[in-house]
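The block underneath contains the structure these notes are about, expressed in structure tokens.
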Amino acid sequence: MYLICSVSFAHKIKLIVFFNFYESTFSCATYSVMLSYVNETVTTGPQRSNINVCLFMRFEIHKYSCRLLNNIHAHVMPLSGFAPTHSMTSTQNWPEQGWALLQLLLLVSFSQAEDRVCLQMGDPENPQLSKDGDIILGGIFSFHSSWINRRDTYMHKPLPLQCISLNFRGFQYAQAMLFAIDEINNSSDLLPGITLGCKIYDSCGSIARGVRASLALINSQETIFKLSDKCTKPAQVQAIMGESSSSPNMAVATVIGPFHIPLISHFATCACLSDKNKYPSFLRTIPSDHYQSRALAQLVKYFGWTWVGAIRTNDDYGNNGMATFIETAEELGICVEYSVAVFRTDPPKKIQQIIDIIKGSTSRVIVGFLSHLDIDALIIELSQHNLTGYQWVGSESWIFDSHTAAMDVHHILDGAVGLSIPKAHVTGMKEFILDFEDSVSTTTENQRECSGHEDLAGVKNTFTDMSLMPIFYNIYKEVYAVAHALHDILSCNNTCNKTILQHIKKIRFKTKEGDEVYFNENGDPPAKYEIINWQPTENGNVEFVPVGLYDASLPADRQLTLTNRTLVPVSVCSEKCPPGTRKVLQKGKPVCCYDCLRCADGEISNSTDSISCVRCHSEFWSNERRDACIKKKEEFLSYEEMMGALLTAASLLGTCLTAVVMFIFFRYRRTPIVRANNSELSFLLLFSLTLCFLCSLTFIGRPSGWSCMLRHTAFGITFVLCISCVLGKTMVVLMAFRATLPGSNVMKWFGPAQQRLSVLGFTLIQVFICLLWLTISPPFPFKNIKDFKDRIILECALGSAVGFWAVLGYIGLLAMLCFFLAFLARKLPDNFNEAKFITFSMLIFCAVWVTFIPAYVSSPGKFSVAVEIFAILSSGFGLLICIFIPKCYIILLKPERNTKRNLMGKEGPTH
């Protein structure tokens, strides 16, 4: 559009300025055109010149960037034959005043004129729909969804934007606005006596066209302006019902924001629009994507999808919304395999790249933060490649769009789930929208002429589809919000100093349907969503089934509620790690890609996807599945097990044999073989052997405090008593033969009394050692958890190792002494030389206990106890068999050899 300002001054100076408005087919986050009028008053002498300079600022639009071209030059060109005056020369200082504006073209001509006017040259912007009223509201909707791209050469005047692709939704939005206006005009409670009118423009989905429409709404349509008129009149409209998309609203809000004209959108959800520093006059009746993005992430987390792909619209709506989603998803442990941007005007090559990315991915869930126009274009490409079987998660822009569902003939989006605006019903709105009279009466070859009285109720197309009633309801609430603000202003009798924008921000009312309408400090409404699921019907259509709710006003743990959860697909990079395993990240991959390693022995994980295993308490051990700690099996030598039973039987057998031998000796106590070698020591030895066999039983069973102290002390004392008796018998043999030598009276020093005292003395020494051991550091029950990881060994700790080895050492000392003495007496003359048998018994005894030491130290757990019992029983049976069995053999089977003469060797044996 070209705008020419023609200004006439008293000095016959006419200043003509050309304004170039260039359309751009690219989208931009912020597009603004500013016209700055700078008045320079130059006074020379008595005369006075008013030079009005119109400056043009041009923005070159690029995708996502607006670049300011600073190139300012001012020229004042005198006409031929005209000599400039002093006042004209002062204009040479204009460039020095620092005007930093865009490309400026000043053409100065001088003519004879008296009137001062500013002419608007070019095509004016006219509304597509209008309605007269006392107060005018503006509307900008997309009656068309696209336009024909042209490349401007800047060599001629750009052609007007040619819109294509009729968009029935835009007409529905306009009808919803007209319905609300008519309802207010017919109301006696709201704005009584005042009618609302409207001017509605078609933006064709173009950001530049939307900005031009907004400028047209806030300015008048007059083409000639007298400079004598003051430019302080109010804007043509009091508020503008904004575009559906976020990017056009950002551009329009930037332009009209400084004028504090409210811009209210019904479908622009970008969270960036909540920034009141950038967009002070923007409000909306749909929740911000700040909440929707987080709700989508929570929804994905709820279904257990941790490995997803993401597709977004390549504009402010998609880029900002997806950025928030990805940020929240990472906080919730969700990994995004890929994130790609698409726009409906992208070339086929770029669309094919997106298709290849989807085909090569492993995720089965796709989060689509897309506008309905972009998803419609994408469905066509996905259908050609038969990319079915994916679970789609959608934003509110397309998830409940029946047109999108109708286009999905190949069932690409079947089963989709996403967030939608809660269902709404406005009484009378559906009938009003469908009561649309077509005033066009042109015909073509293939089209019949419209009369304007057709009934649209029976027509099935996008215009008659009422699935977007929640969006219509948002427009309805926008108009009512403005009406309530105007009503408050008109009711305060010129005492209100607030603007209409300030009143709208403060309003709070209920609609006739009972819904409360208000805006927070960012101009946003409360965030509530329905969770919708696409469920195919038998006839091949899709039914939008509500399956849950999301309410951002509730506590975090109650915001998301699903009431109808159906079977959903699985989309994970790695399957969940079951209990008993832990996650180990795969090198070079996101945190959602991992391997599951089984917990080590003694460690468990009792939850799914555990990042570490927990070690069990020292008395517990992991079960086979590694998902629970179970108490370790306590192990000790018990009577119930085979080994304990065998050792018990051996102990009792030894006790019984000793008792039998004792009975035999008592029965034949007066025979020579019993009396030959101190029968008192023999009976005492048998008694001590009985105690030795019985003390082994104290080693079997669950260790306790008394059993631990008893087993070692009883063993030490009884064995010393036993060895003392054997030592006494050995000394008796030696002394007896020594006494037969001439002049020897040794026996008087080693009689029965001395023998008893020696046995008592040797035994008391052991008793003293044991008492010291029990007093200083006695044995105690101990749970050994070091030798075996999976079980506890119940054993008796020695307390003092010195005491234990002192007891064993003393027994060993007496045994060696006894062996040495018996070895010396082995060849003494006697038919029944007891020293020989004592030597054999001591040899067995020493051999047993010498081998016991390494076996005891190296045997684990209860086997060390079994080794000790075996040593006790072996040494006990050795003494019993070697010393007493030969005598029992003679007593019972060879009684003829049981005579004094035979024992003295004075008569040979009989056959």
Side-chain angles (χ1 to χ4, degrees), residues 635-638 641-651 654 689 692-693 695-701 703 707-720 722-723 726-727 766 769-770 773 777-820 822-823 838-882:
E635 188 175 85
F636 56 91
L637 189 61
S638 65
E641 59 181 302
M642 182 61 68
M643 185 185 301
L646 291 176
L647 292 176
T648 300
S651 176
L689 283 175
C692 287
F693 286 121
C695 79
S696 64
L697 298 178
T698 61
F699 289 83
I700 303 175
S707 64
C708 288
M709 291 187 291
L710 179 62
R711 64 173 60 172
H712 289 99
T713 54
F715 153 71
I717 294 172
T718 54
F719 258 80
V720 165
C722 183
I723 300 302
V726 175
L727 181 60
Q766 183 72 306
I769 294 174
C770 290
W773 183 14
S777 182
F780 57 90
F782 172 69
K783 293 181 178 180
N784 184 356
I785 59 176
K786 295 182 179 179
D787 292 345
F788 298 93
K789 295 180 179 180
D790 59 343
R791 57 185 184 270
I792 301 174
I793 306 300
L794 298 182
E795 57 186 22
C796 288
L798 297 177
S800 172
V802 175
F804 175 72
W805 292 111
V807 169
L808 284 184
Y810 184 64
I811 294 174
L813 178 64
L814 292 181
M816 293 299 295
L817 179 61
C818 185
F819 173 75
F820 178 73
F823 182 78
I838 293 175
T839 302
F840 283 117
S841 65
M842 288 299 99
L843 184 62
I844 294 173
F845 185 90
C846 292
V848 167
W849 287 101
V850 168
T851 56
F852 160 78
I853 295 174
Y856 178 81
V857 172
S858 61
S859 297
K862 62 182 180 180
F863 296 101
S864 62
V865 179
V867 167
E868 191 169 0
I869 296 174
F870 180 78
I872 293 173
L873 295 178
S874 298
S875 55
F877 277 109
L879 290 174
L880 180 64
I881 293 173
C882 291

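Residue numbers start at 1 and run along the sequence shown.
Side-chain contact between F636 and P703 is present, with at least one heavy-atom pair separated by less than 4.5 Å. In this structure, I793 and F788 have side chains that are in contact, with non-hydrogen atoms separated by less than 4.5 Å.
Atoms CE and CG, on M842 and L814 in that order, are 10.0 Å from each other to the nearest 0.5 Å. For the atom pair CG (L794) and NZ (K783), the distance works out to 7.0 Å, reported to the nearest 0.5 Å. The distance from the SG atom of C770 to the CE atom of M709 is 12.5 Å, given to the nearest 0.5 Å. Rounding to the nearest 0.5 Å gives a distance of 8.5 Å between CD1 of I811 and OG of S875. To the nearest 0.5 Å, the span separating CZ on F877 from SG on C882 amounts to 12.5 Å. To the nearest 0.5 Å, atoms CD (E795) and CG (L637) are separated by 12.5 Å.
Separation of the F715 and W849 ring centroids falls under the 6.0 Å cut-off. Residues F840 and F845 place their aromatic rings such that the two centres sit no closer than 6.0 Å.
Without hydrogens or angle criteria, T718 side chain to A714 main chain gives a donor-acceptor distance under 3.5 Å. With S841 contributing its side chain and L879 its backbone, the two residues share no donor-acceptor pair below 3.5 Å. The backbone N or O of I872 lies less than 3.5 Å from no partner atom in the side chain of S696, so there is not a single donor-acceptor pair. The backbone N or O of L798 sits less than 3.5 Å from a side-chain atom of W773, completing a donor-acceptor pair. Under the 3.5 Å distance criterion, the side-chain polar atoms of S651 are left unmatched by any main-chain donor or acceptor of L647. A donor-acceptor contact shorter than 3.5 Å links the side chain of R711 to the backbone of T698. A donor-acceptor pair under 3.5 Å is absent between the side-chain atoms of E868 and the main chain of V865, judged by distance alone.
Across G716 and Q766, no two heavy atoms sit closer than the pair O-NE2, 3.1 Å. Closest approach of L689 and G876 over heavy atoms only: CD2-O, 3.8 Å. Considering all non-hydrogen atoms of both residues, S874 and V848 come closest at CB-CG2, 3.9 Å.
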Check the pair C692, C722 against disulfide (SG to SG under 2.5 Å), reporting the backbone distance first and the verdict last. CA-CA 8 Å; C692 287; C722 183; 4.9 Å; no

Please assess I700 against T648 for the test side-chain contact (heavy atoms from CB on, under 4.5 Å), listing each intermediate value before the final yes or no. CA-CA 8 Å; I700 303 175; T648 300; 3.2 Å; yes

Stepwise, does the side-chain contact (heavy atoms from CB on, under 4.5 Å) test hold for L873 with F693? CA-CA 6 Å; L873 295 178; F693 286 121; 3.6 Å; yes

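Remark: E641 engages K862 in a salt bridge, criterion side-chain N to carboxylate O under 4.0 Å.
Between H712 and the options F780, F719, F804, a ring-ring contact (aromatic ring centres under 6.0 Å, His included) holds for only F804. Looking at I769, I717, V720 one by one, the single match for side chain to side chain contact (heavy atoms under 4.5 Å, CB included) with V807 turns out to be I769.
Applying the disulfide bond (SG atoms under 2.5 Å apart) test to every pair with at least one member in residues 840-878, sequence neighbours left out, gives no pairs at all.
With a 6.0 Å radius and a threshold of 12 heavy atoms from other residues, nucleotides or ligands, F870 has its CZ atom at or below the threshold.
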